[in-house]
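Take a look at the structure below.
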Amino acid sequence: TYHRVMIRGIMARLLSAVLYWEGDEQEGKRLIESIPEGVIYHLDKKNELLEIKIEFKEEDFEVLREKVDLILEQFGEIEDS
């Protein structure tokens, strides 16, 4: 299982971050259930693995960071249980 976060500025007014998760399909389904409503995500199944890609776009860096942190905390709690 791994996480990767990319943050970049778009047109100097919009910040975006993409969080990637890849791992066991069963664990991935539990993670998907924890994603808050309104958060954009994409799924891709590769062999026995499931990849989740979550996209965030915000004008304020702190709001962007809080949203990414929330997902990482939720995923961490699920992976640790």
Side-chain angles (χ1 to χ4, degrees):
T1 301
Y2 74 93
H3 304 281
R4 179 177 56 184
V5 177
M6 297 175 359
I7 299 177
R8 62 183 170 147
I10 301 175
M11 297 173 25
R13 295 211 28 101
L14 188 62
L15 295 165
S16 69
V18 180
L19 173 65
Y20 293 93
W21 178 91
E22 183 179 89
D24 177 72
E25 183 177 4
Q26 194 169 32
E27 185 177 12
K29 288 180 180 179
R30 291 181 26 218
L31 296 175
I32 291 165
E33 292 173 1
S34 76
I35 297 173
E37 190 173 316
V39 173
I40 300 168
Y41 67 92
H42 307 279
L43 304 175
D44 188 20
K45 187 174 178 184
K46 298 179 180 179
N47 300 321
E48 299 295 318
L49 298 176
L50 183 67
E51 181 180 278
I52 304 171
K53 175 182 164 185
I54 305 172
E55 299 180 48
F56 304 87
K57 293 182 182 173
E58 291 294 334
E59 292 181 6
D60 182 87
F61 183 79
E62 287 301 313
V63 173
L64 178 67
R65 185 186 59 78
E66 289 172 6
K67 289 184 175 184
V68 171
D69 285 351
L70 175 67
I71 296 291
L72 289 173
E73 287 174 19
Q74 289 176 328
F75 279 22
E77 289 174 8
I78 291 170
E79 287 183 331
D80 292 342
S81 63

Is it true that atom CD of Glu62 has more than 12 heavy atoms of other residues, nucleotides or ligands lying nearer than 6.0 Å?
yes

Does the side chain of Ile52 reach to within under 4.5 Å of the side chain of Leu43, using non-hydrogen atoms?
yes

Going from NZ on Lys53 to OH on Tyr41, what distance comes out if it is rounded to the nearest 0.5 angstrom?
14.5 Å

Side-chain contact, heavy-atom cut-off 4.5 Å: Ile32 with Leu50?
yes

Would you tabulate the side-chain donor-acceptor contacts of residues 66-76 under 3.5 Å, counting partners in other chains and residues two or more places apart, or write 'none'?
from	atom 1	to	atom 2	distance (Å)
Lys67	NZ	Glu58	OE2	2.5
Asp69	OD2	Arg65	NH1	2.9

Between Glu55 and Val18, the two heavy atoms sitting closest are CG-CG2, 4.4 Å

What pairs of residues pass the salt bridge (charged side-chain N to carboxylate O under 4.0 Å, His left out) test when at least one of them lies in residues 29-41, not counting sequence neighbours?
Glu25-Lys29

Does one hydrophobic cluster hold both Val39 and Trp21, with members joined at side-chain heavy-atom distances below 4.5 Å?
yes

Check side-chain contact (heavy atoms from CB on, under 4.5 Å) between Asp80 and all other residues, then give those that pass, not counting sequence neighbours.
none

Let me check something: do Leu49 and Ile78 share a hydrophobic cluster, defined by ILVMFWY side-chain heavy atoms less than 4.5 Å apart, either directly or through other members?
no

